[in-house]
Amino acid sequence: MKQKLPLAEVYTLLGSGPVVLISSSLKGKYNIMPIAWTTMIDFEPPIVGCCIGDQSYTFQIVKKTKEFVINIPTVKLIKQVYGCGQASGKKVDKFKKFKLTPIPASKVKAPLVKECFASLECKVVDTRMIDQYNLFIVKVVAAWVERGVKQPKTLHHISGRRFILGGTEVVAK
Ligand SMILES: Cc1cc2nc3c(=O)[nH]c(=O)nc-3n(C[C@H](O)[C@H](O)[C@H](O)COP(=O)(O)O)c2cc1C
């Protein structure tokens with residue numbers, strides 16, 4: 001028997017893509033923020049939707065610069081991922097505080113995060129849903145993935161400090 005789920009908890013069932021770290025840059029200063037709410041929209045060029053709350057410093061930066069990098073961490077970075085979501089770049093240099101290493105990207109000013117196994121350089125291609133939904137539609141203009149990484153143990157957010165661990169591949173017959 002199914003029981004009623006409060007509408008306020010629906011997000012705990014659907015927000016299951018990997019948690020990513022959004023890195024951004026404004027006037028030469030870097031910031032970093034975890035988000036769970038992303039979605040693929042098209043294959044090629046790869047178009048992605050990212051929901052970046054307007055209370056965040058990242059929102060202010062990317063609304064201005066129209067670019068950022070989506071970095072994908074594994075469970076090894078769980079402390080940093082959670083920690084970066086508790087502090088704002090308005091007050092803290094999170095790269096420094098969480099010992100993360102920015103490295104130059106090829107097509108955007110925002111940096112790649114060295115410790116993440118994959119990084120996607122993105123440019124905003126549609127601003128129509130920013131004001132209503134905080135939804136940035138971006139095109140991935142360059143993509144990087146660490147050589148030899150198989151079945152990475154990605155983090156999938158449930159709520160608060162709770163995550164589901166990715167990494168087990170199954171193949172349908
Ligand atoms: C696991 C996790 C997932 C999060 N997902 C989102 C999200 O999808 N969208 C969002 O706006 N904030 C999300 N947050 C909250 C932001 O990361 C948080 O507000 C952050 O401090 C903003 O940083 P900034 O002010 O430096 O940009 C998440 C936090 C955590 C820990």
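One is the number of the first residue; the rest follow in order along the sequence. Whatever order the structure lists them in is the order used to number ligands and atoms, beginning at 1.
- Within 4.0 Å of ligand 1, protein heavy atoms come from N31, M33, P34, I35, A36, W37, C51, I52, G53, Q55, S56, Y57, T58, C84, G85, A87, S88, G89, K94, H157, F163.
- Between S24 and N31, the side chains place no donor N or O within less than 3.5 Å of an acceptor N or O (distance only, hydrogens not considered).
- Partners of K90 by side chain to side chain contact (heavy atoms under 4.5 Å, CB included), not counting sequence neighbours, listed by chain and number: Y57, Q60, S88.
- Residue pairs meeting the ring-ring contact (aromatic ring centres under 6.0 Å, His included) criterion with at least one member in residues 136-173, sequence neighbours excluded, are F59-F136, H157-F163.
- For Y82, the side chain to side chain contact (heavy atoms under 4.5 Å, CB included) test picks out Q86, R161, with sequence neighbours left out.
- The hydrophobic clustering, which links ILVMFWY residues whose side-chain heavy atoms are closer than 4.5 Å, places I72 and M40 together.
- At a threshold of 4.0 Å, the pair K63-D131 counts as salt-bridged, since one of the basic side-chain nitrogens sits closer than that to a carboxylate oxygen.
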